[in-house]
Amino acid sequence: MTREMLSLFALVSPMDRHTVWDSWLRFCFSQEERHGFAFTHLGCETASLHPDGIRTRSRYLKKLEAAVRQGEDIWNMEFYLLPKEFHQAVFDFRVYMGLSLREQRCHCEITVESGFPGDFRYQEVLRSIREFLHIEKVEVNLLPHDQTFNYNVNRILFSTPGSQDRDYGLIRRLYQEP
């Protein structure tokens with residue numbers, strides 16, 4: 001049986017570049033608390049921190065928090081909940097929350113395994129991220145786990161005339177604006 005992922009993907013811009021990363025950290029930590037889990041891994045790219053891949057939370061979180069406190073330039077920040085024996089983070093995560101604020105096509109993705117956490121409410125998540133991000137476009141979809149990345153990147157982030165015709169296995173569209 002195919003794993004299904006509930007994926008919120010939004011094209012965004014920060015309301016305040018000076019406070020957005022602190023707000024993102026607080027938002028991600030509040031999701032941990034609300035749903036009773038702890039992210040196991042994180043990834044980021046800053047002026048001083050540019051790891052090749054992801055790092056364990058225990059080894060990297062303090063460095064990331066210091067970069068935020070110091071107002072360092074940060075381009076993206078990702079949090080993962082991964083099982084102990086994962087093979088590829090992009091396919092094995094149970095929860096993923098990422099924010100990318102590069103020069104072009106800034107985006108936020110929050111993807112959770114369907115049914116985990118049981119009470120994930122995307123409407124509340126949208127309300128929370130709207131406190132620090134302007135949302136230009138957003139979709140919330142139920143997708144096969146192996147097509148989530150392809151759908152979000154090709155159909156939403158870098159939409160081109162031909163990409164809208166390709167079938168990425170969309171199971172159900174739950175919400176869309178505009």
Side-chain angles (χ1 to χ4, degrees), residues 5-51 53-84 86 88-102 105-136 138-141 143 145 148-149 152-153 156-157 175:
M5 307 304 278
L6 180 68
S7 185
L8 180 155
F9 193 91
L11 301 180
V12 300
S13 60
M15 289 183 182
D16 183 346
R17 281 230 180 234
H18 301 295
T19 61
V20 68
W21 294 111
D22 185 55
S23 297
W24 177 246
L25 276 174
R26 281 186 281 119
F27 166 77
C28 291
F29 294 155
S30 73
Q31 295 302 302
E32 284 182 322
E33 186 176 314
R34 180 167 194 263
H35 298 292
F37 69 87
F39 290 108
T40 57
H41 293 76
L42 60 99
C44 66
E45 188 174 353
T46 75
S48 68
L49 304 172
H50 36 272
I54 62 173
R55 300 284 190 258
T56 61
R57 177 188 184 134
S58 60
R59 289 181 43 203
Y60 219 63
L61 184 58
K62 297 236 183 276
K63 292 177 184 179
L64 178 60
E65 289 173 324
V68 171
R69 275 193 314 276
Q70 294 167 5
E72 197 171 315
D73 286 335
I74 300 173
W75 296 281
N76 71 296
M77 190 182 302
E78 306 169 314
F79 290 89
Y80 297 82
L81 175 61
L82 290 163
K84 285 186 188 264
F86 74 93
Q88 289 186 334
V90 72
F91 293 119
D92 294 342
F93 68 85
R94 298 196 69 198
V95 178
Y96 168 81
M97 294 186 183
L99 178 60
S100 176
L101 298 179
R102 298 194 179 276
R105 305 306 275 177
C106 301
H107 63 278
C108 175
E109 178 181 352
I110 299 168
T111 299
V112 300
E113 191 173 54
S114 182
F116 180 87
D119 62 345
F120 182 80
R121 293 185 178 91
Y122 68 84
Q123 301 91 336
E124 291 174 15
V125 169
L126 279 170
R127 192 170 23 260
S128 293
I129 65 174
R130 279 191 166 110
E131 292 177 11
F132 59 95
L133 295 172
H134 295 287
I135 295 178
E136 300 164 25
V138 64
E139 283 191 25
V140 180
N141 296 307
L143 295 158
H145 84 284
T148 303
F149 177 80
N152 288 336
V153 170
I156 303 170
L157 186 60
Y175 180 79

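- In this structure, Phe93 has its ring center no closer than 6.0 Å to that of Phe91.
- The residues Arg102 and Glu45 are annotated as salt-bridged, a charged nitrogen and a carboxylate oxygen being separated by less than 4.0 angstrom.
- Side-chain contact between Phe27 and Met97 is present, with heavy atoms from C-beta onward closer than 4.5 Å.
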(message) Does Asp92 form a side chain to side chain contact (heavy atoms under 4.5 Å, CB included) with Tyr80? I'd like the steps, not just the answer.
(response) CA-CA 10 Å; Asp92 294 342; Tyr80 297 82; over 6 Å; no
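- Nearest heavy-atom pair across Leu133 and Met15 is O-CE, 3.7 Å.
- Taking CG from Asp16 and CZ from Phe132, the interatomic distance works out to 12.0 Å, rounded to the nearest 0.5 Å.
- The CG atom of Leu8 sits 5.5 Å away from the CD1 atom of Ile110 when rounded to the nearest 0.5 Å.
- Note that CZ of Phe79 and SG of Cys44 are 8.5 Å apart. Values are rounded to the nearest 0.5 Å.
- Contact check on Arg57 versus Glu32 returns a salt bridge, with a Lys/Arg side-chain nitrogen under 4.0 Å from an Asp/Glu carboxylate oxygen.
- Contact of the Val112 side chain with the His35 side chain is not registered, since no non-hydrogen atoms from C-beta on lie closer than 4.5 Å.
- The backbone N or O of Leu157 lies less than 3.5 Å from a partner atom in the side chain of Arg105, making a donor-acceptor pair.
- Of all heavy-atom pairs spanning Leu82 and Thr40, the tightest one is N-OG1, 3.0 Å.
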- Task: Please lay out, stage by stage, how Leu101 and Ile74 fare under the test side chain to side chain contact (heavy atoms under 4.5 Å, CB included).
- Result: CA-CA 8 Å; Leu101 298 179; Ile74 300 173; over 6 Å; no
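- The backbone N or O of Thr46 lies less than 3.5 Å from no partner atom in the side chain of Glu72, so there is not a single donor-acceptor pair.
- Using the six-membered ring where Trp is involved, Phe86 and His41 have ring planes that are perpendicular, over 60° apart on the 30 and 60° scheme.
- Contact of the Leu42 side chain with the Met77 side chain is not registered, since no non-hydrogen atoms from C-beta on lie closer than 4.5 Å.
- Here the CG atom belonging to Leu64 is positioned 10.0 Å from the CZ atom belonging to Arg69, to the nearest 0.5 angstrom.
- Nearest approach of Pro14 to His134, heavy atoms of both residues: O-CD2, 3.9 Å.
- Taking 4.5 Å as the limit, some side-chain heavy atom of Glu109 sits within range of a side-chain heavy atom of Thr148.
- Nearest approach of Trp21 to Asn76, heavy atoms of both residues: CH2-CA, 3.8 Å.
- Under a cut-off of 6.0 angstrom, the local environment of CZ in Arg59 is sparse, with at most 12 non-hydrogen atoms contributed by other residues, nucleotides or ligands.
- Taking each heavy atom of Asn152 and Thr111 in turn, the nearest pair found is ND2-OG1, 4.4 Å.
- Atom-to-atom distance recorded for Arg26:CZ and Gln31:CD is 13.0 Å, nearest 0.5 angstrom.
- Within the 4.5 Å cutoff, no side-chain heavy atoms of Arg55 are placed close to those of Lys63.
- For the pair Arg34 and Arg121, the minimum side-chain heavy-atom distance is below 4.5 Å.
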- Please lay out, stage by stage, how Glu136 and Ser13 fare under the test side chain to side chain contact (heavy atoms under 4.5 Å, CB included). CA-CA 8 Å; Glu136 300 164 25; Ser13 60; 3.9 Å; yes
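- Across all their heavy atoms, Ile129 and Cys108 have their closest contact at CD1-SG, 4.3 Å.
- A distance of 8.5 Å separates CG in Leu6 from CG in Asn141, rounded to the nearest 0.5 Å.
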- Take Leu81 and Phe116 through the side chain to side chain contact (heavy atoms under 4.5 Å, CB included) test and state the conclusion after the steps. CA-CA 11 Å; Leu81 175 61; Phe116 180 87; 3.3 Å; yes
